Amino acid sequence: MSNLTPISLVLGLSAAITVAVSPNDNVKFFGTLASGVGIGGFLFSQWDSQENKKQIENLQKAVEVVDRQRRSSDDEKNKTIREYNSLKIKLDKELELVRDDMQRHQSGNNSLKSRLSELEHELKLEKSSSQSKIREISNFSTGAAHQIVSETYKTELTKLGGMISGYSNNYPELTDFFQNLEAEIDKVKSWAVAELEAYKGVLNLQSLIDEGLRIQGRIISRCGDIKLKASNRVNKYLTSLAEDSVSFSEYQDNIAQISERAREHLLEKQQVIEGIAQEWISANTYTKEQYSTEFTEVLQNGKHLVDRIQELGQEIENMKRPLKWSVASRQDLKTANLIIDYFEARGIILDRAKVDFDHWQSTLSFHIDRNSRIILPSELEPEGERLQQLCHTLSPVKFTWNADDGCMAAWLHLARKPVKPIIEADINKIWKTADKFKTIVKAWSRVRVTGGSESGKSPTAENIAVCILLARGGSAELFNPQDDSVKNFWTIPTVGSTHEDSLLGIESLAAMVNQKTNDRSQFKITIFDEIDSSIASIEKKLQPEVGKQISTIVKQASHQNLGAIFIGQNANAKNYPGMDRSDWNSAVSVHIGANAYDAITNSNGIVGEEQVKLKLQAEKLTEFCTTKNNELGLELTNPQAYRFALVIGDGKPYFIELPSFGTYTYDMVESAVKCPSCESHNHISNGTKDGVKRRKCRDCGHVFSVT
């Protein structure tokens, strides 16, 4: 829409209303004149741009609404005028009678004055009623004006967004430029929303017109500036492309030269083909001449060739079969040949490569290059239990991809591993001990905790949350659908006790992150327990939306000084509809106990030897924790029991010893020394003064005394 259109429309509407309600003839004259100018300006603006047609149609609808209301108001006004004229005629007649009566009866003056007073009172009432109706018309005009200005804002922003989106799709090389423009558009939106809110309070007709025209003009101007900037950048880009191109005449010359060379080449080929055809005719004539005399010899040779082809075909079939260990003297080699036969029957070729044998276990390596497609460990892994029964191994056969050798590796558990004394110092080389837990987790803000039933997920999540708050300050809130459970030992305040509360909490937190409405002065961490069950409690078609909200929180919450912990049973990211493994890359994942094995297998960042190494370490830690708990007579649910977890997303994957349940509780946060300026717990010693210890806040720099 051009600047002239909204000005003309508001001017025309205001002038029409003034003509309708004003009793002054001069005002009506100038109102009629202004109305004509407004209509003329509106019509003049119609040819301004084809892009405005849609907006004009919307404005015409608004004008039709105003016009219907105006006609209704005109009907009321005409009715009032008719009543007034009728009353005036009646009064004129009565006044005539009074004059006659005065001439005839001077004594009736007192009665006449009384009647005149009554009539004046009636006129005042009629005038008051008319003014009330006029105010109603004015009020309607105020609402219409507000609507017109708001529609201008919506239309301009829609056109601007469409233009920027179109440019972004057509010119992906300028993506960075258009992303920067989004910040300018956000500023325009913020300014316009504030102006429109203030404009709603304007009721005076003249101020309404002036302020509305100013806001409309400013909206159109600022949007136009951004459009101009985008158009100039695109033009500059297209100009740079044109500078690197060749002229049309040069292009035509090149096409002509290529066409001439092609014609010459075709002529040469035609001559060669004609020569070949002549040779074929000669050879065919010779063959016909020799056919009658050499037919018997050719037939014998043909039979010999057929036999040879069959022999070669059998040799080819044998070569297509997988290569086995020809001298299978050990049990693991015999097992390897059984595995080769098993998968050959299923259309998968595993060729022998090498063996790493260790009496109680063996790692077989196979080449898979002769398959027509890529074979993945996940395709072979489901056959592990069947192969265990077929090959008589102690556990299912496990498959992994060895990227260093380019081979598929199969691990066989052949016998019980010799029992070795557990040396605690060796175990401490595998995991980070519990005394380092607080130092490790204090920098985390977005965490996923997984574990089986009674593995200690919730107590571990509370230990993590409290350590984070002791380092950063702030507060925590908990959504716990099992709030009424006998196993509920949380000390963090509960704000939601149902799955519905948890889902609403996720939606609210995601909206806060998206809209950037959080007060960032103080850190807050939100904990969602039983997240798997909360997602499963709603219809499947709604679950991906929850997954998208969790993804938003995981990726962006830290920018708003917010933290989040999600607690669930399954370590596989695919159990969160709407999310995949990469969505959790922005969070730290803590997989407790047996869940560590699933996390190692399913992680797309752990492959080859690292996967095998981590699984062996997990087995050693499982054996160590089981042994220590048996020695001490501790059940798995005992708060003091030995536990471990795999940490992914905090650098390279590593194992950590989990502290006892309740080692860190929320009352520690509430009673901890806080900075009096920003309430942060993140402060250090700053010497003493007059015998009083002093500390300095690392967040705001404030120095304060402690007793």
Side-chain angles (χ1 to χ4, degrees), residues 444-453 455 457-458 460-462 464-465 468 475-485 487-488 490 492-518 523-592 595 598-599 602-605 645 648-649:
W444 299 351
S445 61
R446 294 155 292 177
V447 185
R448 176 166 67 122
V449 179
T450 77
S453 179
S455 62
K457 302 184 294 295
S458 299
T460 298
E462 183 169 64
I464 293 172
I468 293 172
S475 61
E477 60 181 16
L478 169 66
F479 289 88
N480 180 19
Q482 300 297 332
D483 184 63
D484 58 346
S485 171
K487 301 178 183 178
N488 178 21
W490 286 96
I492 293 174
T494 300
V495 297
S497 57
T498 66
H499 291 304
E500 184 178 4
D501 291 341
S502 294
L503 295 173
L504 290 174
I506 291 171
E507 182 180 2
S508 176
L509 184 57
M512 184 184 299
V513 170
N514 268 329
Q515 299 171 10
K516 305 176 182 178
T517 57
N518 181 48
F523 176 78
K524 184 177 79 172
I525 190 166
T526 305
I527 305 167
F528 299 93
D529 202 354
E530 299 291 336
I531 189 64
D532 297 354
S533 301
S534 295
I535 295 176
S537 68
I538 59 175
E539 296 180 31
K540 285 189 176 181
K541 64 181 181 180
L542 302 177
Q543 292 176 6
E545 184 60 30
V546 179
K548 292 178 182 178
Q549 293 168 355
I550 295 175
S551 178
T552 297
I553 295 170
V554 170
K555 292 179 179 179
Q556 302 181 39
S558 62
H559 298 297
Q560 305 301 314
N561 203 25
L562 295 169
I565 298 178
F566 297 92
I567 308 169
Q569 290 196 5
N570 204 300
N572 195 337
K574 290 184 178 180
N575 284 272
Y576 290 78
M579 301 182 69
D580 55 33
R581 296 188 186 99
S582 62
D583 290 328
W584 287 108
N585 289 345
S586 299
V588 177
S589 295
V590 179
H591 304 289
I592 302 174
N595 271 33
D598 293 337
N602 294 322
S603 174
N604 53 5
I648 299 176

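Index from 1, following the sequence. Heavy-atom basis, side chains included; hydrogens, waters and symmetry copies ignored. From a predicted model like this one, the values you see are computed outputs, not experimental measurements.
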Can you tell me how far the [atom1] atom of [X] sits from the [atom2] atom of [Y], to the nearest 0.5 Å?
| X | Y | atom1 | atom2 | value |
| --- | --- | --- | --- | --- |
| S586 | K555 | OG | NZ | 6.5 Å |
| L478 | S458 | CG | OG | 8.0 Å |
| I592 | T460 | CD1 | OG1 | 4.0 Å |
| T498 | D501 | OG1 | CG | 3.0 Å |
| T494 | E477 | OG1 | CD | 10.5 Å |
| N514 | Q560 | CG | CD | 9.5 Å |

Nearest heavy-atom neighbours spanning [X] and [Y]:
| X | Y | value |
| --- | --- | --- |
| R446 | Q556 | NH1-N, 4.4 Å |
| V513 | L562 | CG2-CD1, 4.2 Å |
| V588 | G649 | CG2-O, 4.0 Å |
| I492 | A465 | CD1-CB, 4.0 Å |
| S533 | H499 | CB-CE1, 3.5 Å |
| A461 | V449 | CB-CG2, 4.3 Å |

Check whether [X] reaches the backbone of [Y] with its side chain - one donor and one acceptor, N or O, closer than 3.5 Å.
| X | Y | answer |
| --- | --- | --- |
| E462 | W490 | no |
| Q569 | D532 | no |
| S508 | G505 | no |
| E530 | N480 | no |

Taking C-beta and beyond as the side chain, do [X] and [Y] meet within less than 4.5 Å on heavy atoms?
| X | Y | answer |
| --- | --- | --- |
| V546 | S534 | no |
| I648 | H591 | yes |
| K457 | T450 | no |

For F528, check ring-ring contact (aromatic ring centres under 6.0 Å, His included) against everything at least two apart and list the hits. F479, F566
With side chain to side chain contact (heavy atoms under 4.5 Å, CB included) as the test, pick out the partner of I550 among D583, L509, I535. I535
